[in-house]
Student: 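This is the structure I have questions about; it appears just below.
Please read all numbers here as calculations on a predicted model, not as lab measurements.
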Amino acid sequence: MHGRYDLTGAVRAVTSIVGALGWRKSYDVLEVLGPVDEAAEQGAYELGATIAALLA
């Protein structure tokens, strides 16, 4: 998730929706505040790789 100042409400909302659908969490939520930097890009790459590995 990407936001400018705070992601608490957004993370809570998505977590509630996912739980109601009966889905399970496969990776920690990636939270990026402010500009997207190299660390955020690396985190997104790792998230994508983990999801791809779980689907394979």
Side-chain angles (χ1 to χ4, degrees):
M1 303 190 125
H2 178 248
R4 184 174 289 261
Y5 302 111
D6 184 30
L7 297 173
T8 306
V11 170
R12 184 180 21 211
V14 170
T15 302
S16 296
I17 293 167
V18 167
L21 291 171
W23 296 350
R24 63 182 176 88
K25 184 177 174 181
S26 58
Y27 197 79
D28 292 333
V29 175
L30 176 62
E31 297 182 34
V32 179
L33 292 173
V36 177
D37 58 10
E38 189 173 326
E41 288 180 5
Q42 181 63 32
Y45 181 84
E46 290 175 14
L47 172 60
T50 300
I51 299 300
L54 291 171
L55 293 173

Student: Cluster question for you: counting only ILVMFWY and a side-chain heavy-atom cut-off of under 4.5 Å, with indirect links fine, are Leu47 and Leu55 together?
Tutor: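 Leu47 clusters together with Leu55.
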Student: Let me check something: any side-chain donor-acceptor pairs from residues 28-36 under 3.5 Å, sequence neighbours excluded? List them with distances.
Tutor:
none

Student: Output side-chain donor-acceptor pairs under 3.5 Å for residues 8-16, partner residues at least two apart or in another chain, one line each.
Tutor:
{"unit_1": "Thr8", "atom_1": "OG1", "unit_2": "Asp6", "atom_2": "OD1", "d": "2.7"}
{"unit_1": "Thr15", "atom_1": "OG1", "unit_2": "Val11", "atom_2": "O", "d": "2.7"}
{"unit_1": "Ser16", "atom_1": "OG", "unit_2": "Arg12", "atom_2": "O", "d": "3.0"}

Student: Can Glu46 and Gln42 be counted as having a side-chain donor-acceptor contact under 3.5 angstrom?
Tutor: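 Yes.
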Student: Indicate, with yes or no, if Ile17 and Leu7 share a hydrophobic cluster defined by side-chain heavy-atom contacts under 4.5 Å among Ile, Leu, Val, Met, Phe, Trp and Tyr.
Tutor: yes
Student: Determine whether Ile51 and Ser26 make a side-chain contact, defined as any pair of heavy atoms from C-beta on separated by less than 4.5 Å.
Tutor: yes
